[in-house]
Amino acid sequence: MSSKALRPGAKSAQQSETSLDLRALQRTPGFMLRLAQLKFFEGFYEEFAALGLTPATYAIFAVIRDNPGVPPAALPACSACACRT
């Protein structure tokens, strides 16, 4: 037996990551939203890989499309505003 005693419910370092207990995280909206975001990005990159687009680049193009004549200097501010809406 190891000289280090594991506390009840603790997992040894030898256990694989697939056996981690994520139930507490799965009950939090932030964790589930992040998983959904990662899944979305996976599909996005598959769809737009040939064009070399990233989600951020696509968002900038969408802002330009929807706001003809927008000055380039306004685009960084748009990305900051998108986080608040």
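Values reported hereafter were calculated over all heavy atoms of this structure, with side chains retained and with hydrogens, waters and symmetry mates removed. In this chain, numbering begins with 1 at the start of the sequence shown.
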Q: Indicate every side-chain donor-acceptor pair of residues 39-47 with a distance under 3.5 Å to a residue at least two apart or in another chain.
A:
none

Q: Under the salt bridge (Lys or Arg N to Asp or Glu O under 4.0 Å) test, which residues partner R23, sequence neighbours left out?
A: D21

Q: Using 0.5 Å steps for rounding, measure from the CG atom of L22 to the CZ atom of R27.
A: 11.0 Å

Q: In this structure, would M32 and L38 fall into the same cluster of hydrophobic residues linked by side-chain contacts under 4.5 Å?
A: no

Q: Determine which pairs satisfy salt bridge (Lys or Arg N to Asp or Glu O under 4.0 Å) with at least one residue from residues 48-62, sequence neighbours left out, and list them in order.
A: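 Non-adjacent pairs meeting salt bridge (Lys or Arg N to Asp or Glu O under 4.0 Å): zero.
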
Q: Pair up each side-chain donor or acceptor in residues 52-59 with any protein partner under 3.5 Å, not counting sequence neighbours, and list the distances.
A:
{"from": "T54", "atom 1": "OG1", "to": "T57", "atom 2": "N", "distance (Å)": "3.1"}
{"from": "T54", "atom 1": "OG1", "to": "T57", "atom 2": "OG1", "distance (Å)": "2.9"}

Q: Enumerate donor-acceptor pairs with a distance under 3.5 Å from any side-chain N or O in residues 63-70 to protein atoms, sequence neighbours excluded.
A:
{"from": "N67", "atom 1": "ND2", "to": "V63", "atom 2": "O", "distance (Å)": "2.8"}

Q: Examine L20 and F31 and state if one hydrophobic cluster contains both, with Ile, Leu, Val, Met, Phe, Trp and Tyr joined whenever side-chain heavy atoms are less than 4.5 Å apart.
A: yes

